[in-house]
Amino acid sequence: MSFINTKAGEIGVKVVYFGPALAGKSTNIRTIHRKTRPALRGRLDAIAGDLGPMLSFDFAPDTLPRIDDRYRVRLHLVTVPGPVLSPVSRKLVLKGVDAVVFVADTQEEGGELVRFEDNVESMQQLLTLLDDLGVDSAFMPMVLQYNKRDLVEAPTLRPFDSAHASPIPLTTLAALDEAINPNGLPTIEAVATAGIGVMDSLRIVVKDLLAPLRAEYEASGDRYPIAAGSSGGWPRV
Ligand SMILES: Nc1nc2c(ncn2[C@@H]2O[C@H](COP(=O)(O)OP(=O)(O)OP(=O)(O)O)[C@@H](O)[C@H]2O)c(=O)[nH]1
Ligand SMILES: [Mg+2]
């Protein structure tokens, strides 16, 4: 649910960093904050949540084209909080979401993804929460960031399951992609702690956001005058 602030000449969009606990969501946000010119960005806020701090900040990249030749795009980046699943907090954070960076923890041990199931569960939770909020995830710009690719060991030899005369399936990155990405959303491998793949993940969803924003605001003419007494911004309905 993007929102327009005619006074500031900006359209705000909300990008949520979702994923299992400790996948690297906050590391993404901190890295982007650090890499953004201070003049373009707001403060990095840590709001205490019931299960941990929720990080957020906003910035208006000067590299993005204006919408309707007038409006700058201001990105509001937010993480879901917490080491424990908290559907209530997560749903609140997702309210009004315009795009999602799904941060998966793809560290490996012995050639297998240690957190395969956590990633699958988190994606299921995301889809359920979006559905609860009435958001059609099929139209949501989303990128799957396969993070912690520095924690990858050379695959070890797998035991052979003679009963089935085939190797026991590995829980590899390809298997994860098959499990959580049936519709072929864009994916990117990352090492968030080294800044690898972080800006590119954001770029992918922002690029996918621009077309729908243009369609929405450039077709709307002057439907958004500044209301008397308002600060100039209100949520879209
Ligand atoms: N080796 C490695 N460690 C990482 C990477 N990304 C994040 N980490 C580490 O993983 C831990 C968790 O990172 P956070 O960014 O706090 O993860 P989070 O998803 O925000 O975690 P919660 O908010 O607790 O759910 C930290 O110790 C990070 O330094 C990565 O790409 N490689
Ligand atoms: Mg965090």
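Counting convention: from 1, in listed order, for ligands and their atoms alike. Below, all heavy atoms of this structure are taken into account, side chains as well, without hydrogens, waters or symmetry copies.
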Self-check item: Tyr71-Asn5 side chain donor-acceptor pair, cut-off 3.5 Å
Solution: no
Self-check item: Note: Asp62-Arg37 ion pair, threshold 4.0 Å (strictly below)
Solution: yes
Quiz item: Is the closest heavy atom of Asn147 to ligand 1 under 4.0 Å?
Solution: yes
Exercise. Show which atoms of ligand 1 fall inside a sub-4.0 Å distance from at least one heavy-atom site of Lys25.
Key: 15 (O), 17 (O), 18 (P), 19 (O), 20 (O), 21 (O), 22 (P), 25 (O)
Quiz item: Of all the atoms in ligand 1, which lie at a distance below 4.0 Å from a heavy atom belonging to Thr27?
Solution: 7 (C), 13 (O), 14 (P), 15 (O), 28 (C)
Quiz item: Looking at the Mg ion (ligand 2), is one of the N, O or S atoms of Met54 less than 2.8 Å from it?
Solution: no
Self-check item: Atoms of ligand 1, numbered as shown, that sit under 4.0 Å from any heavy atom of Leu22
Solution: 10 (O), 12 (C), 17 (O), 18 (P), 19 (O), 21 (O), 22 (P), 24 (O), 25 (O)
Practice problem: May I ask you to say whether Arg203 pairs ionically with Asp200, meaning some side-chain N is under 4.0 Å from a carboxylate O? | Solution: yes
Quiz item: Which atoms from ligand 1 have a heavy atom of Leu151 less than 4.0 Å away?
Solution: 1 (N)
Quiz item: How are the rings of His33 and Phe57 set relative to one another: parallel (under 30°), tilted (30 to 60°) or perpendicular (over 60°)?
Solution: perpendicular
Practice problem: Kindly compute the distance separating CZ (Arg214) from CD1 (Ile11), expressed to the nearest 0.5 Å. | Solution: 10.0 Å
Exercise. Report yes if the side chains of Asp58 and Arg41 come closer than 4.5 Å at any heavy-atom pair, otherwise no.
Key: no
Quiz item: Does Gly19 come within less than 4.0 Å of ligand 1, judged by its heavy atoms?
Solution: no
Quiz item: Quick one: does Ala192 get an N or O within less than 3.5 Å of an N or O on ligand 1?
Solution: yes
Quiz item: For ligand 1, is there an N or O atom under 3.5 Å from any N or O atom of Val80?
Solution: no
Quiz item: Out of Thr106, Leu55, Asp150, whose heavy atom sits nearest atom 1 (N) of ligand 1?
Solution: Asp150
Exercise. Determine, for Lys148 against Asp105, whether the closest basic-nitrogen to carboxylate-oxygen distance falls under 4.0 angstrom.
Key: yes
Quiz item: Side chains of Tyr217 and Ser2: do they bring a donor and an acceptor to under 3.5 Å?
Solution: yes
Quiz item: Which atoms of ligand 1 sit under 4.0 Å from any heavy atom of Ala21?
Solution: 25 (O)
